[in-house]
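Read the structure below first, then the notes.
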Amino acid sequence: MKKGINKSILFYIASVLFFIASAIGFTSGNESSMAIVWFCLGSSFLCLGSTHKKKENNTDDK
């Protein structure tokens, strides 16, 4: 594995931040359409992180 920060960890951190933003949006009582966008972005970054982690694990095995 290369030195430096793992990119999948950055994707996971970004997804947690997007989920926090969506939770704040849902509980604030305002229009929840923006909170849905933040939630979808969080889900997308979570999928990107897991895909990148799987790709790293496959290249390390070879």
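Under the 4.5 angstrom side-chain criterion for Ile, Leu, Val, Met, Phe, Trp and Tyr, the cluster partners of Ile13 are Ile9, Leu17. Phe26 belongs to a hydrophobic cluster whose remaining members, ordered by chain and number, are Ile36; membership requires side-chain heavy atoms of ILVMFWY residues under 4.5 Å apart, directly or through intermediates. The other members of the hydrophobic cluster of Ile24, by chain and number, are Val16, Ile20 (side-chain heavy atoms under 4.5 Å, ILVMFWY only).
The ring-ring contact (aromatic ring centres under 6.0 Å, His included) check on Phe18 picks up Trp38, Phe45, with sequence neighbours excluded. Scored by the side-chain hydrogen bond (donor to acceptor under 3.5 Å, both in side chains) test, Thr27 finds no partners at all (sequence neighbours excluded).
Among pairs with a residue in residues 42-52, those fulfilling side chain to side chain donor-acceptor pair (under 3.5 Å) read His52-Glu56, at least two apart in sequence or across chains.
In this structure the side chain of Tyr12 reaches within 4.5 angstrom of the side chain of Leu46, judged on heavy atoms.
Smallest separation of non-hydrogen atoms from Ser8 and Gly49: CB-O, 3.5 Å. Of all the heavy atoms in Ser22 and Ala35, the pair that sits closest is CB-O, 3.3 Å.
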